[in-house]
Amino acid sequence: MQMYDAIVIGARCAGASTALLLARQGHRVLVVDRASFPSDVISTHFLWPHGMSYLNRWGLLDEVLAVTPAHTTVEVVNDGIRLSGSVPPELLREYFRDLHGDDSGVVQSYASVRRRVLDQILVDAAAGAGAEVRTNVTVRELIVEDGQVVGIRGRGVDGEPVEERARIVVGADGRNSFVARALDLPKYDERPRCTFAYWSYWSGFDLGPAQLHRRGRLACAVVPTNFDQNMVLVWGPSEWSREFRADVPGNYQKALDFVSPELGEVVRLKGTRQERIYGTLDQSAFLRPLHGPGWVLVGDAESAKDQCTAIGMTHAFRDAELVSAALDGWLRGTASIDEAMTGYESRRRSQNAAAYHDYVCTLAEMRPYRHDELQLFVALRGNQQETDRFIATHADVAPVSEFFQASNLFLLNDAAKESSADHPVFADFAETSRMYQQNLFA
C-alpha cells in the first residue's frame, strides 16, 4: 500500500486547492470526493478580489476569466441609500503581506464563477500538479491507530473497497464534514440566527457590475456569471422561511419587488429563467477545532458562516494556502507538527478573524438597520476613500474593528456631505421600522 504525505477529503474549493498547493511543493497527495466533476454544489459562488488574487497567485485566473465576466466596482444599496466602490489595491496587498508574507498576484476584480466551472479547473490543476484525484469515492471510516488518524476506508464508484494511508488527513468536506463527525468534533460559538436564500440564473439583461440591495429584513443580489447569465439571489431571516416556501416562485419575485422595485421589474419583464430556483435554509454559523493527531480541517469544515457576505469560497482559498504552507514545513522537516499547526491556528484564530465572524453573524440576523446605521451610509456618500474601505471591511480585507471604531465613525459623520433629509427612508422612520418587522410572506 502506498503511503501518501496527505490525503485530502473533499475536492472542491478548499480541498482541490490544498491538494494543488501541496502537490506543487512536491508532496505525495491523494484527494478524494464522492462527487464527479464537473458538477455544481449548493453555493452562491462569489469570489471577492482576494479570492481572485489567490487564483492569480496559483496561475489559474486567466483560465477562469476566459469564461467568466469580472468587474471591480460593486453597488451596495441599503434602504435606498446607494454606494458604489471597489476594494482598494493597497488594502489587498496589506492583507496578503499580513497573512502570507508576500503580496504577489494581487488583482482588484471580483467574479461569480459557477462551481461546475471553477471546481473542474481546480481539480484539473491539482491533477496536473501531480496530486492523485479519485472521484466517486465515499469515505466511510477514518483509520485511527494509537489515537492518531492514519488513513481512510471507503468505497469507489463500483463498490470496490478503498483503503489508503497518509501522514496527515485533511478534512475539506464542507459544513457537514464527515471528518468532523467521525472524530466527534464539537461545534462552538454556534449562531443559529441566519438567513434563508433562494437563487436562480437569468438571461435577457446585462446590468454590469454586481448589485447588492437590502431593504428592511430582506435583500437581493444580481451578479453576472458564466454562460451569459445573471445569478439573482434573494435572502431574508430564517424565521420567515416557512412562509416563503409556501410559494417559492411567487415569493422570490415578491422579495425582488419589495427590496428593489427596479430590479424586480427588470427580472420580470426582461429576464428568462434558465434553471430551477435553488434554495438553502440552514446557514447557521459555527467553529470547530482546527487540528488534532493526524488531521486538520480547512474551509467550511472548520468555520461555516452565513452566505450574506459571500465569503465562503474566498476563505476556502485562504485556508488552502495557509494550511499547505504549514504542512509543507512539517513534511520537509523544517518544523514539528505542533509548530506547523500552531502557526496555522494563529492566523486562523486571530482577533481580526473573530471580529469578522461576529460581523457576518450579526448581519445574518437581518435586523432592519437602525437610524444611526443608515446615517453612516449617508455619511459615506461623497467620501469614496471611506466607501471603498467599508466595502473592503465587508469583504474581510480591512479589519472590522478599524472601520467601526468610534473615532472613525465620528470623523465620517462630521465630514458628511449629505443629510438624512435627502433620503425618503428617514421621512417617517418609526413607521417604516415597524413595517419592516412584518413578515412579507405571511
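What you are looking at is a predicted structure, and each value in this text was computed from that prediction instead of being measured. Computed from heavy atoms alone, side chains included, the values below leave out hydrogens, waters and symmetry copies.
Scanning both residues, Leu409 and Phe403, for their nearest heavy atoms gives CD2-O, 3.7 Å.
Remark: Arg140 fails to qualify as a cation-pi partner of Phe178 under the 6.0 Å distance and 45° angle criteria applied to the six-membered ring. Taking the centre and axis of the six-membered ring of Trp58, the NZ or CZ atom of Arg24 falls outside the cone set by 45° and 6.0 Å. Note that Arg215 lies in the cation-pi zone of Phe258, set by a 6.0 Å cut-off to the ring centre and a 45° limit from the axis.
The closest side-chain heavy-atom distance from Leu47 to Val113 is below 4.5 Å. Side-chain atoms of Val222 and Met231, non-hydrogen and from C-beta on, never get closer than 4.5 Å to each other. For the pair Glu275 and Gln229, the minimum side-chain heavy-atom distance is below 4.5 Å. Between Val64 and Ile121, some side-chain heavy-atom pair lies under the 4.5 Å cut-off. Gln25 is listed as a side-chain neighbour of Ser324, based on a closest heavy-atom distance under 4.5 Å. You'll find the side chain of Met3 reaches within 4.5 Å of the side chain of Arg167, heavy atoms only. Residues Leu297 and Val179 are in side-chain contact: their nearest non-hydrogen atoms beyond the backbone lie under 4.5 Å apart. Contact of the Phe404 side chain with the Thr393 side chain is registered, since non-hydrogen atoms from C-beta on lie closer than 4.5 Å.
Between the side chains of Thr72 and Gln108, no donor-acceptor pair of N or O atoms lies under 3.5 Å. Using modelled atom types, one finds no donor on one side chain facing an acceptor on the other under 3.5 Å when comparing Ser336 with Asp338. In this structure, a donor-acceptor pair under 3.5 Å is present between the side chains of His394 and Tyr359. Residues Asn78 and His213 have side chains that never bring a donor and an acceptor to within less than 3.5 angstrom of each other. A donor-acceptor contact closer than 3.5 angstrom links the side chains of Arg389 and Asn408. In the model, Thr309 has a side-chain atom that pairs as donor or acceptor with a side-chain atom of Tyr356 under 3.5 Å. Using modelled atom types, one finds no donor on one side chain facing an acceptor on the other under 3.5 Å when comparing Gln307 with Thr44. Using a 3.5 Å distance cut-off with no hydrogens or angles, the side chains of Ser17 and Arg318 do not pair a donor with an acceptor. With no hydrogens or angles considered, no side-chain donor-acceptor pair links Asp388 and Ser86 at under 3.5 Å. With 3.5 Å as the limit, one finds no donor-acceptor pair spanning the side chains of Gln148 and Trp295. Judged by distance alone, the side chains of Thr195 and Asp306 do bring a donor and an acceptor atom under 3.5 Å apart. In this model, no donor atom of one side chain and acceptor atom of the other lie less than 3.5 Å apart for His50 and Tyr110.
With rounding to the nearest 0.5 Å, the separation of CG in Leu212 from SG in Cys220 is 8.5 Å. Atom CD of residue Gln274 and atom CG of residue Asp228 lie 10.0 Å apart, to the nearest 0.5 angstrom. Remark: Asp103 CG to Ser53 OG distance equals 10.0 Å, nearest 0.5 Å. Taking CG from Asp5 and CZ from Arg332, the interatomic distance works out to 9.5 Å, rounded to the nearest 0.5 Å. Note that CG of Asp189 and CZ of Arg288 are 13.5 Å apart. Values are rounded to the nearest 0.5 Å. Taken to the nearest 0.5 Å, the CG atom of Leu331 stands 7.5 Å off from the CD1 atom of Ile337.
Salt bridge status for Glu160 with Arg155: absent, with no side-chain N to carboxylate O gap under 4.0 Å. We find that Arg214 and Glu75 are not joined by a salt bridge, their nearest charged nitrogen and carboxylate oxygen being 4.0 Å or further apart. Under a 4.0 Å N-O distance rule, the pair Arg114/Asp119 does not qualify as a salt bridge. Residues Glu239 and Arg217 are paired through a salt bridge, judged by an N-O separation under 4.0 Å between the basic side chain and the carboxylate. A salt bridge links Arg134 with Glu132: at least one charged nitrogen is closer than 4.0 Å to a carboxylate oxygen. Ion pair Arg97/Glu94 not flagged as a salt bridge, since none of the NZ, NE, NH1 or NH2 atoms sits closer than 4.0 Å to an Asp/Glu carboxylate oxygen. Between Glu163 and Arg153 there is a salt bridge, since a side-chain N of the basic residue sits under 4.0 Å from a carboxylate O of the acidic one. Between Arg348 and Glu345 there is no salt bridge, since none of the side-chain N atoms of the basic residue sits less than 4.0 Å from a carboxylate O of the acidic one. Taking a cutoff of 4.0 Å between a charged side-chain nitrogen and a carboxylate oxygen, Arg381 and Glu386 do not qualify as a salt bridge. No salt bridge links Arg115 with Asp40; every basic N to acidic carboxylate O contact stays at or beyond 4.0 Å.
Looking at Asp79, its side chain never comes within 3.5 Å of a backbone N or O of Leu374 through a donor-acceptor pair. A donor-acceptor contact shorter than 3.5 Å is absent between the side chain of Gln120 and the backbone of Val117. Under a 3.5 Å cut-off, the side chain of Thr387 and the backbone N or O of Asn383 do form a donor-acceptor pair.
Heavy-atom contacts from other residues, nucleotides or ligands closer than 6.0 Å to NZ of Lys270 number 12 or fewer. Residue Arg245 places its CZ atom among 12 or fewer non-hydrogen atoms of other residues, nucleotides or ligands, all under 6.0 Å distant. For Arg273, the CZ atom sits in a packed shell: over 12 heavy atoms of surrounding residues, nucleotides or ligands are nearer than 6.0 Å.
Checking Ile7, Leu22, Val8, Leu122 one by one against Val31, the side chain to side chain contact (heavy atoms under 4.5 Å, CB included) holds for a single residue, Val8.
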Intermediate values then yes/no, ring-ring contact (aromatic ring centres under 6.0 Å, His included), Phe390 and Phe377 | CA-CA 10 Å; Phe390 168 71; Phe377 299 130; 5.7 Å; yes

ring-ring contact (aromatic ring centres under 6.0 Å, His included) between Trp199 and Tyr252, intermediate numbers included | CA-CA 8 Å; Trp199 67 96; Tyr252 176 89; 9.8 Å; no

Kindly indicate, with the supporting measurements, whether the criterion ring-ring contact (aromatic ring centres under 6.0 Å, His included) is fulfilled by Phe286 and Tyr188.
-> CA-CA 6 Å; Phe286 58 82; Tyr188 57 92; 9.3 Å; no

Passes side chain to side chain donor-acceptor pair (under 3.5 Å), Ser104 versus Asp102? Steps please.
-> CA-CA 6 Å; Ser104 64; Asp102 75 272; 2.7 Å; yes

Might you work through the salt bridge (Lys or Arg N to Asp or Glu O under 4.0 Å) test for Asp300 and Lys305, ending with a clear yes or no?
-> CA-CA 8 Å; Asp300 282 354; Lys305 293 178 288 297; over 6 Å; no

CA sep, side-chain torsions, deciding dist, call: Tyr278, His45, ring-ring contact (aromatic ring centres under 6.0 Å, His included) | CA-CA 13 Å; Tyr278 303 90; His45 51 74; 9.5 Å; no

